[in-house]
There are 2 protein chains.
Amino acid sequence: MAEVDGGFRTLDEQSLIDYISATPAVSSRLGNDLEGISVKEVGDGNLNFVYIVSNSSGGSVVIKQAIPYIRCIGESWPMTKERAYFEALTLREHGRLCTAHVPEVYNFDRNLSLIAMRYVEPPHIILRKGLIAGIEYPLLAEHMSEYMARTLFFTSLLFRSTTEHKREVANYCGNVELCRLTEQVVFSDPYKVSQYNRTSPYLDHDAEIVREDDILKLEVAGLKSMFCERSQALIHGDLHTGSVMVTTESTQVIDPEFAFYGPMGFDIGAFVGNLILAFFSQDGHTDGGKDRIAYKEWILKTIEDTWNLFHKKFICLWNENRDVGEAYLVDVYKKPELLLLVQGKYMKDLFHDSLGFGAAKMIRRIVGVAHVEDFES
Amino acid sequence: MAEVDGGFRTLDEQSLIDYISATPAVSSRLGNDLEGISVKEVGDGNLNFVYIVSNSSGGSVVIKQAIPYIRCIGESWPMTKERAYFEALTLREHGRLCTAHVPEVYNFDRNLSLIAMRYVEPPHIILRKGLIAGIEYPLLAEHMSEYMARTLFFTSLLFRSTTEHKREVANYCGNVELCRLTEQVVFSDPYKVSQYNRTSPYLDHDAEIVREDDILKLEVAGLKSMFCERSQALIHGDLHTGSVMVTTESTQVIDPEFAFYGPMGFDIGAFVGNLILAFFSQDGHTDGGKDRIAYKEWILKTIEDTWNLFHKKFICLWNENRDVGEAYLVDVYKKPELLLLVQGKYMKDLFHDSLGFGAAKMIRRIVGVAHVEDFES
Ligand SMILES: Nc1ncnc2c1ncn2[C@@H]1O[C@H](COP(=O)(O)OP(=O)(O)O)[C@@H](O)[C@H]1O
Ligand SMILES: Nc1ncnc2c1ncn2[C@@H]1O[C@H](COP(=O)(O)OP(=O)(O)O)[C@@H](O)[C@H]1O
Ligand SMILES: [Mg+2]
Ligand SMILES: [Mg+2]
Ligand SMILES: [Mg+2]
Ligand SMILES: [Mg+2]
Ligand SMILES: [Mg+2]
């Protein structure tokens with residue numbers, strides 16, 4: 001218990017066990033059996049602590065705790081631990097909307113900024129690692145398009161009333177610190193000289209080209225404004241390939257602590273942009289003569305399928321729920337050819353936004369603070 | 001005191017006087033002299049009660065009270081009286097940013113939804129009436145461009161941090177009922193058959209053309225989404241020519257009860273669109289042989305000057321405050337030609353939005369629920 005702050009304390013393995021035994025909503029997931037309990041810290045992420053807790057009778061639970069700073073940087077970069085509240089809220093909301101692809105939340109403790117959730121068990125691994133290992137996931141596009149279509153559609157004004165929408169927008173405005181982190185590391189730092197950008201002599205020239213590209217910076221200004229101003233849907237906010245756990249049969253989206261009401265294209269772009277990074281990094285992974293040509297084809301096909309399936313599912317949800325949301329009242333847009341026109345425009349704009357945000361996410365992974373393992377392993 | 005609701009009661013002239021004498025912040029504006037006090041209800045607006053209170057020694061104050069429904073329709077259309085809170089908040093915020101053109105708030109009573117403010121004294125009249133009477137206001141464009149440039153610039157991310165911005169956005173999400181009224185009467189009802197649209201046999205055909213125009217409805221869908229989703233600045237929200245009081249020397253903007261964080265173009269478009277309506281209505285006002293040709297020229301020039309002066313002032317504020325806001329960090333956009341490029345794009349988009357919203361506001365005044373006196377007097 002390193003720290004005390006209004007009931008908050010950073011848990012260690014022992015205090016975590018004490019917490020679990022005192023918390024029925026969690027201990028019941030272990031069959032109330034704390035015999036032979038094992039706790040393993042697995043947080044390979046940048047911000048938080050993640051523990052896998054299991055007992056000898058096969059019970060398991062994952063405990064994620066946010067601390068009041070950015071873990072990989074240290075106490076010098078404070079960051080509200082309230083991010084755990086928004087993560088838990090979003091896991092629950094997105095889980096309600098897309099149960100198949102979001103781990104169940106068992107318990108949330110706001111004082112401790114602590115989420116107890118389903119252990120996404122092996123053979124699930126982080127998608128980014130699967131992509132580096134060259135593993136094909138035949139259902140990935142199907143699952144991710146389903147996750148994105150459902151979470152984005154049902155939290156947008158295509159499904160919500162403006163009353164519900166504004167209430168939710170107001171609440172998620174509270175996650176401003178996490179939004180600010182994105183604003184800085186995605187939309188600002190890569191375009192200026194910043195102490196936080198990680199450089200390498202091999203990239204200095206590229207970084208400079210980015211900093212000097214006026215047309216690029218003009219477009220990025222527009223994307224940043226959209227990120228800050230446009231509350232289109234409850235987005236995950238950090239949907240790179242490190243926030244997805246996979247097997248060949250299952251896809252689970254974790255870590256929505258950056259969630260807020262923002263532009264849908266930010267999620268789609270994050271996912272697709274990170275697949276494109278994975279594509280380009282494949283040449284660095286060719287294992288002993290065995291090239292990755294077929295694998296690269298699979299990645300390309302997955303990108304294409306992701307958008308096409310997303311498009312199909314999203315429009316399908318729209319058609320099924322025409323009389324629900326308040327953006328396009330059925331009385332105004334009932335004529336089939338007008339609805340087609342409106343949907344066409346909506347999807348074209350969304351595709352455009354997604355490509356823009358995807359590019360911004362790729363750039364920041366190359367010349368910004370947080371690089372990706374794809375290019376570094 | 002017709003109504004009681006958690007301390008709320010609709011005031012009449014006598015209870016208004018009782019309220020004033022019990023409220024030093026208001027009675028002091030009358031020199032604490034309630035001798036020969038006179039109360040005149042002047043609310044010609046659609047929603048609220050407005051009283052001019054004056055005494056025999058020349059003191060005066062305006063009292064505006066919101067009631068829990070839409071006045072001109074009645075209790076069958078309930079509308080939160082909390083709109084008075086947002087009106088008072090916005091009068092104060094816009095008044096701080098543009099003191100010369102916003103009446104001072106003396107007191108706000110949230111329980112009574114009651115604002116005490118400066119009496120914008122004669123010869124001030126409502127601008128719409130001045131336009132119908134054919135009066136030229138040589139400073140109108142100068143003043144309105146000043147008001148819009150300052151209120152919109154200083155509440156946008158060109159000046160604010162995203163922390164301040166999200167806090168304010170969240171608060172103004174509470175004004176959702178008023179936003180919903182706009183959504184309905186501006187962006188939805190005119191494009192469908194609605195019991196609320198006021199019709200005339202002379203307009204039936206035009207109303208039908210509007211309802212059948214797919215390209216128009218496609219554009220209006222985009223505008224409505226922008227209105228619901230984009231928190232660009234603290235906008236007035238109802239900036240037609242009935243919300244402006246004028247003399248040839250002075251311009252005062254009243255009635256911001258629809259204020260929220262929305263697209264800037266909605267304010268600019270409302271003002272300019274209503275000037276365009278005034279322009280087209282002039283032919284109906286030609287008084288006894290004296291035509292309105294010169295006056296129509298003046299209106300056109302005022303429209304042009306409003307945008308051009310707004311553009312100049314807005315860019316000037318931007319240049320003076322380059323290191324303040326968080327949308328365009330000075331370190332990223334310091335190169336003069338890049339800043340020019342970014343500003344050019346920003347203003348071009350804003351002009352485009354303003355024209356779109358202006359058109360929507362004009363259409364709704366012709367085929368929607370609330371018509372304008374310009375065409376009806
Ligand atoms: N529910 C879970 N089941 C299994 N492993 C998990 C779970 N949640 C997180 N992890 C593991 O912990 C790592 C870090 O979790 P993450 O939520 O991404 O934390 P951070 O917010 O710090 O990035 C993940 O990469 C994954 O390996
Ligand atoms: N501060 C004021 N000074 C003088 N007259 C005012 C003032 N505020 C409102 N009025 C008068 O009352 C009318 C209605 O006020 P307004 O604020 O527009 O109410 P509503 O919200 O009902 O439209 C205005 O058109 C104007 O004639
Ligand atoms: Mg993570
Ligand atoms: Mg995270
Ligand atoms: Mg009014
Ligand atoms: Mg009003
Ligand atoms: Mg457009």
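So you know, we letter chains A, B, ... as the sequences are listed, proteins then strands, and number each from 1.
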(request) Identify the heavy atoms of A/Leu157 and B/Cys228 that sit nearest to each other, and give their distance. (result) CD1-CB, 3.3 Å
(request) Mind ranking A/Arg180, A/His165, A/Arg230, A/Gln232 by heavy-atom pairs under 4.5 Å with chain B and telling me who comes out on top? (result) A/Arg180
(request) Of all the heavy-atom pairs spanning A/Lys335 and B/Glu212, show the shortest one and how long it is. (result) NZ-O, 4.2 Å
(message) Looking only at heavy atoms and a cut-off of under 4.5 Å, which of B/Thr162, B/Asp331, B/Asn175 has the most pairs with chain A?
(response) B/Thr162
(request) Please state whether the side chain, the backbone, both or neither of B/Phe260 comes within less than 4.5 Å of a heavy atom of chain A. (result) side chain
(request) Sort B/Glu177 into side chain, backbone, both or neither according to what part of it lies under 4.5 angstrom from a heavy atom of chain A. (result) neither
(message) Is there a side-chain contact between B/Ser188 and A/Glu326 in this structure, where contact means two heavy atoms from C-beta onward sitting under 4.5 Å apart?
(response) no
(message) Give me the atom names and distance for the closest heavy-atom approach of B/Tyr333 to A/Lys217.
(response) OH-O, 2.7 Å
(message) With a 4.5 Å cut-off on side-chain heavy atoms, are A/Val332 and B/Lys224 touching?
(response) no
(message) Can you tell me which portion of B/Ser225 sits under 4.5 Å from chain A's heavy atoms? Options are side chain, backbone, both or neither.
(response) side chain
(message) For a quick test of reading the model, state the closest non-hydrogen atom pair linking A/Val342 to B/Leu218 and the distance between them.
(response) CA-CD1, 3.6 Å
(request) Work out which heavy atom in A/Thr163 is nearest to a heavy atom in B/Val176; give both atom names and the distance. (result) CA-CG2, 3.8 Å
(request) Select, from B/Tyr172, B/Tyr191, B/Phe227, the one with the greatest count of heavy-atom pairs under 4.5 Å involving chain A. (result) B/Tyr191
(message) Counting heavy-atom pairs under 4.5 Å with chain A, which one of B/Ser161, B/Ala170, B/Cys173, B/Pro263 comes out on top?
(response) B/Cys173
(message) Show the nearest heavy-atom pair for residues B/Asp214 and A/Leu338, with the distance to one decimal.
(response) O-CD1, 3.5 Å
